[in-house]
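Taking it in order: structure first as structure tokens, then the write-up.
Because the structure is predicted, anything quoted here is derived from the model rather than measured. Each chain gets a letter, A, B and so on, in the order its sequence line appears, and its residues count up from 1.
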Amino acid sequence: MTTQAPLDLKSTINLPKRILPMKANLVQSEPARLKRWKEMDLYHLILKSRQGRETFVLHDGPPYANGNIHIGHALNKILKDFIVKSRTMMGYACPFVPGWDCHGLPIEIQVDKKLGARKARMSVIDIRRAAREHAAYFVRAQSEDFQRLGVLGEFDNPYLTMDFRYQADIVRAFGQFVREGSVYKGLRAVHWCIHCQTALAEAEIEYRDRQSPSIYVKFPLAGDPARLDAALAGRSVSVVIWTTTPWTLPANLGIAFHPEAEYSAVEVNDAVYIVASALLDEVAGKLGWERWRILARFPGKKLDRLVARHPFIDRESLLMVGDHVTLDTGTGAVHTAPGHGYEDYLLGQEYGLEIYSPVDERGRFTEEVDHFAGLEVFEANPRIIEHMRRLGVLLAEEVITHSYPHCWRCHQPVIFRATPQWFISMDKTGLRQRALRAIESVTWLPEWGYERMRNVILQRPDWCISRQRLWGVPIVAFYCRQCETILITPSIIEHVAQIFEHKGADAWYEMEPHELLPPGTTCPHCGYDQFRKETDILDVWLDSGTSSLAVLPRRGLPWPADVYIEGGDQFRAWFNSSLTVALAARNQAPFRSVIAHGWTVDAQGEKMSKSKGNVIEPQEVIKKSGAEILRLWVASSNYHEEVRISNEILTRLIEAYRKIRNTACYMVNNLWDFDPQRDWIPLHQMLEIDRWILAELEEQLHRVRKAYENYQFYVVYHSLYKFCTVELSAIYFDILKDRLYTSAPKSLGRRSAQTALYLLLDKLTRLMAPILAFTADEIWERFLSHHQPNEAWRPSVHLAEFPASDAAFHDEGLLRRWRELMEIRRQVLKALEIKRAEKEIGSSLEAKVIITGGGPSFELLSQYEDQLPAIFIVSQTELRPAETQQLHIHVTRAEGQKCERCWNYSPSVGQHPRYPTVCQRCVTTLLELESGAHS
RNA sequence: GGGCCUGUAGCUCAGGUGGCCAGAGCGCACGCCUGAUAAGCGUGAGGUCGGAAGUUCAAGUCUUCCCAGGCCCA
């Protein structure tokens, strides 16, 4: 009985409702969400929810607390956040304690600049206080920037290497090396300014052009040269060296040759000289040789451990081989003074030479140097040259202009000079071998990390741990005021560590030696009880290398850590120092696995620099597009290599973000009248195409979970993105529109579709949550959280877990059939496009598709005949069997009139008197609606 | 100069142990739709796989060299 008026057609269409807006407004919404997270204390909420679960610890490598974060920091911390969030969603308890490296030269330099002239009047304590404030300021600034990226962690209680307890633990770590006997005090050549009378770090050096003497000097070979080659028997043979620092010749203890390079013994008049064959012509030119004859040729290694005489001192000079010798300038025979050059120093150590440096802190030769004692080295240069000329050992002399290190303060040229330093021996206690063994059981990602780490360990010299600076942790050692004996024992170190733990390392500068030492301490050598304190501080790499010990056990976390992830530059640095410290303390690597990431470079793959103008600041991207875009950038990149970033790349990512978001919008906004409790359709009752997309989703889930487990976030990104664009947006959602919009709201077909959409949304949101941390949480908050059966998960998606795989969704046959149907669909779309180009149709609903053929594909189509119009999104289809294996697709205009309600064409339009503009399918729906069958 | 790494369409990525005309998504061009609309759909054009030799019946995939770039060391 129908007394009511016909329904308004438009009002019977179930259009989506705006629950999740398309416009993200990330720049505004992100800070609001961060505030929300902070208010609910999300980080601790998550940890609480994982109580009792297996832990997974990513130990944070501390960035240096100087300056604001750059894009490389963003890459690093976002990667860490991906790992922490994804492992959390796998069900692990993942505490993340961010840290900062607070001591060291760069901060001290910055503070120096700020203090300017005032510094001279300040006490050590005041300067250290200023440095502490400087570090604290940047810890705060960086912490805010990291959190703005969406990184969750214990930011309210981070670890700082300048915390008192941490400082104490640094001292203790040093104590472990002392305990095992690897600490020694020795000499090492360092940059030294003879005007400022101070050691200089590399950062305090500036290179400027300078004129220097360039001289060639002969060193007569001692012993019988026939050992080298029979042709040289009885001859007097000399090695020719080249140097631009004549003043280092009094400290010459050796000559270095390249082991593989070929050298020639050449006869010039009556003399015989040894020179690298490759440099023979050049040397001959410099020395003015007109005629010469090659007597012998041999590789550099034949010279190894032979001996020459010093040209003007009664002393031997040892012939050695080293790979650092180059054949681009000079003679291929390198004058080596272990006290006056870094490579000289390393080679000298290898050959057991003395680190000899007869130059005092003012740059004057000491008394032991005949003829030149008391002379400043640069003044001595011409005197030494003259001396050698008189002795007839000077073969040539000229002046060259070259780049030379200068002091950054006084701008005077600096020298290399041996100074007393503290070292950790790599070999005395087998640290090197222990390190090599330890890294074998570590998982390296990428695999070549093992090789690189191994090379670092093999090649590294003893670790010089002392710095002549103020801002750091002092080397806890005392000197007897009577006999200069060094007092350094594990128990004294522990005693001082306890003082530091309560008062900080400043105590070293505030307290007297007897206050720092255990009561009653006397010199073990002479029994005296007065001491002075060491003034050197520790290398900051010992600070940060201590972090695993100063953080994990101290906070009740398991040791070693599950994973370290840092840039590839850290093999030599933090990975190395952390390993070394851990070996001394616990004889085990501090990490189970180590992941290396690349550096950020520009669109051309070149490094970013202000001068190139290719720098992209994370703060700018956040202000313009949102942190989510940076997160997407990190996810989209293969971070094991250099990671490119450019405006074009960011534009692409913004577009990708919109697509992903729109995909989510479609799902959320079509679920406005769906209550999973009430409207859920069990899998076995769902339409087959809905079961198909859920089977596809199940495959995605496997793929994505595996990618997370392997830290392959770019696989996560590409998989999810492609799934959103192709399977969902282009295929499934497009097909679904007709059913969602035109079916009766509560019909099985529509509820089946909504059930599928709900499952898709729920699972995809959780899968993307580690990456799109803000957006996933927004979807969660606006819709999904209301329906979570697990109440603990409701406050945030980051409390939830990844969807478990469910065999019920997997259906191999279903996938095979539907994938073939989709392949045929692609062919149909091509056929439609041809008719569209011919202006026969516009919308695909204006078409009828006629498929002629036979074989298995045709057989498949026949099985799904009634669903084909929906799948192809056309008004009608017709199957015509033929004697062929091929399918022929023919497109004509659809029959009948366009239904005003569903826009499909049908001959049935106009047949129903009550709804004359509507097709039979819609009439049925409308009559149902009228009768309230679905209300 | 040395150690390690990288170089596939405009962009981001696929291409185990060498074997169909080298793939995807995006972007781009052209078109459709206007009931996902600061949306949606389709079709199409884009690559001497950094370059050159070599091994092989066959190389993006193996070898050598070169070029460009990155990190570390010197």
A/Lys607 side chain near B/rG69 phosphate (N/O to OP1/OP2, under 4.0 Å): no
Can you list the residues that meet the ring-ring contact (aromatic ring centres under 6.0 Å, His included) rule with A/Tyr708, with sequence neighbours excluded? A/Phe802
Under 4.0 Å: is that the gap between some side-chain N or O of A/Asn662 and OP1 or OP2 of B/rG40? yes
Taking only residues two or more places apart in sequence or in another chain, which ones pass salt bridge (Lys or Arg N to Asp or Glu O under 4.0 Å) with A/Glu350? none
Residues in side-chain contact (heavy atoms from CB on, under 4.5 Å) contact with A/His70, at least two apart in sequence or another chain: A/His73
Per atom distances to the A/Met22 side chain, the nearest of B/rG42, B/rA39, B/rU34 is B/rA39
Strand contacts (RNA chain B) in residues 330-346 of chain A, 4.0 angstrom heavy-atom criterion: A/Tyr342, A/Glu343
In whole Å, what is the span from the CG atom of A/Asn638 to the C1' atom of B/rG15? 14 Å
Who passes side-chain contact (heavy atoms from CB on, under 4.5 Å) against A/Ser593, sequence neighbours left out? A/Thr443, A/Val563
Qualifying residues under ring-ring contact (aromatic ring centres under 6.0 Å, His included), relative to A/Phe723, sequence neighbours excluded: none
Could you tell me which nucleotide pairs with B/rA52 by Watson-Crick or G-U wobble geometry, both distances under 3.5 Å, or answer none if nothing does? B/rU64
Determine which nucleotide pairs with B/rA36, using a 3.5 Å limit on both distances of a Watson-Crick or G-U wobble pair. none
If you measure from the C1' atom in B/rC71 to the same atom in B/rG42, how many Å do you get, rounded? 46 Å
A/Asn455 has an atom CG; how far is it from atom P of B/rC73, in whole Å? 14 Å
Can you check the A/Gln570 CD to B/rG70 P distance for me, whole Å? 19 Å
Could you write out each protein N or O paired with an N or O of nucleotides 23-28 of chain B at a distance under 3.5 Å?
unit_1: B/rG27; atom_1: O2'; unit_2: A/Arg652; atom_2: NH2; d: 3.4

Determine the contact category for A/Ala730: base if any of its heavy atoms lies under 4.0 Å from a base atom, sugar-phosphate if only primed atoms, P, OP1 or OP2 are that close, otherwise nothing. sugar-phosphate
Does OP1 or OP2 of B/rA36 have a side-chain N or O of A/Tyr741 closer than 4.0 Å? yes
Apply side-chain contact (heavy atoms from CB on, under 4.5 Å) to A/Glu343 and list each qualifying residue two or more places apart in sequence or on a separate chain. A/His324
Phosphate contact (B/rC32 OP1 or OP2) by A/Lys839 side-chain N/O below 4.0 Å: yes
Those residues at least two apart in sequence (or on a different chain) that pass side-chain contact (heavy atoms from CB on, under 4.5 Å) with A/Glu451 are A/Arg454, A/Asn455
Does B/rC33 have OP1 or OP2 under 4.0 Å away from a side-chain N or O of A/Ser844? no
Sort out for me which residue in A/Leu671, A/Thr765, A/Val668 forms a side-chain contact (heavy atoms from CB on, under 4.5 Å) with A/Leu784. A/Thr765
Testing B/rG42, B/rC4, B/rA36 for proximity to the side chain of A/Trp448, the answer is B/rC4
Hey, could you give me each pair passing side-chain hydrogen bond (donor to acceptor under 3.5 Å, both in side chains) that has a residue in residues 726-740 of chain A? Not counting sequence neighbours. A/Lys659-A/Ser729, A/Asp690-A/Tyr732, A/Asp690-A/Arg739, A/Asp734-A/Lys737, A/Asp738-A/Asn904, A/Asp738-A/Arg921
If the P atom of B/rG60 is compared with that of B/rA9, how far apart are they to the nearest Å? 14 Å
Measure from the side chain of A/Lys830, starting at C-beta and using heavy atoms only, and say which of B/rG31, B/rG44, B/rG40 lies closest. B/rG44
Check whether NZ of the Lys or CZ of the Arg A/Arg631 lies under 6.0 Å from the centre of the six-membered ring of A/Phe713 and within 45 degrees of that ring's axis. no
Over how many whole Å does the gap from A/Ile871 atom CD1 to B/rC41 atom C1' extend? 17 Å
Are A/Arg819 and A/Glu823 ion-paired here, with the side-chain N under 4.0 Å from a carboxylate O? no
In whole Å, I'd like the distance from the CE atom of A/Met453 to the C1' atom of B/rC5. 16 Å
Any A/Lys737 side-chain nitrogen or oxygen under 4.0 Å from OP1 or OP2 of B/rA36: yes
Between A/Arg661 and A/Glu628, does at least one N-O distance fall below 4.0 Å, as a salt bridge requires? no
Among B/rA36, B/rU43, B/rG69, which nucleotide has an atom closest to any side-chain atom of A/Ser729? B/rA36
Complementary nucleotide for B/rC28 - Watson-Crick or wobble, under 3.5 Å: B/rG44
Could you list, one pair per line, each protein nitrogen or oxygen that sits under 3.5 Å from a nitrogen or oxygen of nucleotides 48-51 of chain B, together with the distance?
none

Which nucleotide sits closest to the side chain of A/Arg452: B/rC11, B/rG3, B/rG69? B/rG3
From the candidates B/rA36, B/rC73, B/rG44, the one with an atom nearest any side-chain atom of A/Arg572 is B/rC73
Take the protein atom OH of A/Tyr717 and the nucleotide atom P of B/rU12, then report the distance between them rounded to whole Å. 11 Å
How would you list, by chain and number, every residue that makes a salt bridge (Lys or Arg N to Asp or Glu O under 4.0 Å) with A/Glu833, sequence neighbours excluded? A/Arg836
Rounded distance in Å - CG (A/Leu829) to P (B/rC33): 15 Å
How long is the line joining OH of A/Tyr714 and C1' of B/rU6, in whole Å? 13 Å
